[in-house]
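See below for the structure under consideration.
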Number of protein chains: 2
Amino acid sequence: MNYPSKLIEEAVQEIAKLPGIGKKTALRLVFFLLKQETEEVKKLSAALLNLREKIRYCQRCGNIAEETLCQVCASPSRDKTVLCIVEGITDVMAIESTTTYHGVYHILGGVISPLEGIGPEELNIPALIERIKQEGVQEVIFALNASMEADTTAFYITRKLKELPVKITTIARGIPVGGELEYIDELTLSRSIQERVSYRQ
Amino acid sequence: MNYPSKLIEEAVQEIAKLPGIGKKTALRLVFFLLKQETEEVKKLSAALLNLREKIRYCQRCGNIAEETLCQVCASPSRDKTVLCIVEGITDVMAIESTTTYHGVYHILGGVISPLEGIGPEELNIPALIERIKQEGVQEVIFALNASMEADTTAFYITRKLKELPVKITTIARGIPVGGELEYIDELTLSRSIQERVSYRQ
């Protein structure tokens, strides 16, 4: 492509590094930005830079934080005896959106995957074990995605916790609320039957 | 959505203002940027700002420029007697990519559209007429998209040029190279027959 200016070429190249954005889309965004007020583009540019430079990670759970601790860990109203283990920050956001969980979190930053060279040491697992030992955690809830790697990770962590007086649970797998039996996969359906719960009247 | 940090919320809001990018995609981009080196994010942020602050428009043709004149107008090797009229900068880029046009351009910045309140004065038309009168232009080529508004615009400009000794042409409409007759629309096909050219052996 023959760019009319070096500045446009640079902007296109930088934007096209983002996932899911090719050079055509990047060019469309460039022309969009050229039509905006300078003030608007300044805001976008500053927001991106602030994001990368000012965001820190919670020293306790690994969640996104602006201080030493994240909003959840710093809150006095959260139950520190219940610890929910998740893979990533988006999982925390999803659970927080339900507003029904009042415990705290621990973010692994992934799952054990020997194929990709990710072992327990690459994840936040040693810190997790340490936390459970020292913070008086009474229940650990696994809220991991359904994958073989996640199962391995949960198994590994469970074994490490064997000696500790802590209850270990995992989120329920089953038919989503509003889901139709007809369209659900066999594995989920069979699991929802095996793990049936008492009918609440 | 419950954002874990004000900085993330701000970045999501700014990114989601871009066309075709919603809040979900914006959040995905935010997490991507958080994983990048600070240096990379700085480059992106600076490229966007530079783009908006440093890019100017050619005083002669309206193309993108870094100096007073754009690369095309400033080039001594371009034929200033042939003037190609286009709607926007992307059209210039498309024609420049062919590397077969050696004249100069004039960018209208749109087409006449009474419905959207765009008249000749909102476009770059008065400057165009002035240019043709003063710069010894011998041929004007319309390279507009095929739309009723573009036809109106070409008609308006042609009428303004009636008294001037200038040849007026328009790009050929027809079957694209590699296109199949079977799949082309009737209008294009009938026009390509009406405007047939001598067979070159």
Side-chain angles (χ1 to χ4, degrees), chain A residues 1-15 17-21 25 27-34 36-58 63-66 70-72 88-90 92-99, chain B residues 1-15 17-21 25 27-34 36-58 63-66 70-72 88-90 92-99:
Chain A
M1 187 53 114
N2 217 326
Y3 296 102
S5 152
K6 195 84 190 149
L7 293 170
I8 290 196
E9 190 172 352
E10 271 169 28
V12 166
Q13 270 171 2
E14 290 303 322
I15 296 173
K17 285 180 187 168
L18 298 172
I21 298 187
T25 308
L27 189 62
R28 198 163 53 86
L29 295 178
V30 160
F31 282 114
F32 172 83
L33 290 174
L34 280 175
Q36 304 307 302
E37 299 290 328
T38 310
E39 212 39 58
E40 280 297 309
V41 181
K42 267 189 191 160
K43 267 161 70 184
L44 171 63
S45 171
L48 297 182
L49 203 60
N50 276 337
L51 181 74
R52 188 63 190 82
E53 290 197 326
K54 293 200 189 145
I55 278 203
R56 294 191 287 171
Y57 295 91
C58 176
N63 192 8
I64 278 175
E66 286 170 44
C70 72
Q71 287 172 0
V72 175
I89 291 153
T90 41
V92 173
M93 290 173 66
I95 298 174
E96 283 298 287
S97 293
T98 68
T99 68
Chain B
M1 188 53 114
N2 219 324
Y3 296 103
S5 152
K6 195 84 190 148
L7 293 170
I8 290 196
E9 190 171 355
E10 270 169 27
V12 165
Q13 269 171 2
E14 291 303 322
I15 296 174
K17 286 180 187 168
L18 297 172
I21 298 185
T25 309
L27 188 63
R28 199 164 50 87
L29 294 179
V30 160
F31 282 115
F32 172 82
L33 289 174
L34 279 175
Q36 303 308 300
E37 298 291 325
T38 310
E39 212 40 58
E40 280 297 309
V41 181
K42 268 189 189 161
K43 268 162 69 183
L44 170 64
S45 170
L48 297 182
L49 203 61
N50 276 337
L51 181 76
R52 189 63 192 80
E53 290 198 324
K54 292 199 188 146
I55 279 202
R56 294 190 289 172
Y57 295 92
C58 176
N63 192 7
I64 278 174
E66 285 171 44
C70 72
Q71 287 172 359
V72 176
I89 290 154
T90 41
V92 172
M93 290 173 66
I95 298 175
E96 284 296 289
S97 293
T98 69
T99 70

Could you tell me the separation between the [atom1] atom of [X] and the [atom2] atom of [Y], rounded to the nearest 0.5 Å?
X      : Y      : atom1 : atom2 : result
E66(B) : I8(A)  : CD    : CD1   : 8.5 Å
Y3(B)  : I89(A) : OH    : CD1   : 14.5 Å
I64(B) : L34(A) : CD1   : CG    : 5.0 Å
T90(A) : R28(B) : OG1   : CZ    : 12.0 Å
K17(B) : L44(A) : NZ    : CG    : 8.5 Å
E14(A) : S45(B) : CD    : OG    : 10.5 Å

Give, as side chain, backbone, both or neither, the part of [X] having an atom under 4.5 angstrom from any heavy atom of chain B.
X      : value
N50(A) : both
L29(A) : side chain
V12(A) : neither
I15(A) : both

State, to 0.1 Å, how close V41(B) and L48(A) come at their nearest heavy-atom pair, and which atoms those are.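 Scanning both residues, the minimum pair turns out to be CG1-O, 3.5 Å.
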Any idea which heavy atoms bring K54(A) and L7(B) closest together, and the distance?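 Minimum heavy-atom separation between K54(A) and L7(B): CB-CD1, 3.5 Å.
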Flag, side chain of R52(A) to backbone of Q36(B), donor-acceptor distance under 3.5 Å: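 Side chain of R52(A) to backbone of Q36(B), a donor-acceptor pair under 3.5 Å: yes, one is there.
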Taking side chain as everything from C-beta outward and backbone as N, CA, C, O, which of these in V72(B) sits under 4.5 Å from a heavy atom of chain A? Side chain, backbone, both or neither.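 Interface part for V72(B): neither.
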Please flag which part of Q13(B) lies under 4.5 Å from any non-hydrogen atom of chain A: side chain, backbone, both or neither.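 No part of Q13(B) comes within 4.5 Å of chain A.
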Side-chain contact, heavy-atom cut-off 4.5 Å: Q71(B) with P4(A)?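 They are not in contact (no side-chain heavy atoms under 4.5 Å apart), so the answer is no.
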Under a 4.0 Å threshold between the charged nitrogen and the carboxylate oxygen, would E53(A) count as salt-bridged to K42(B)?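 Salt bridge flag = yes for E53(A) with K42(B).
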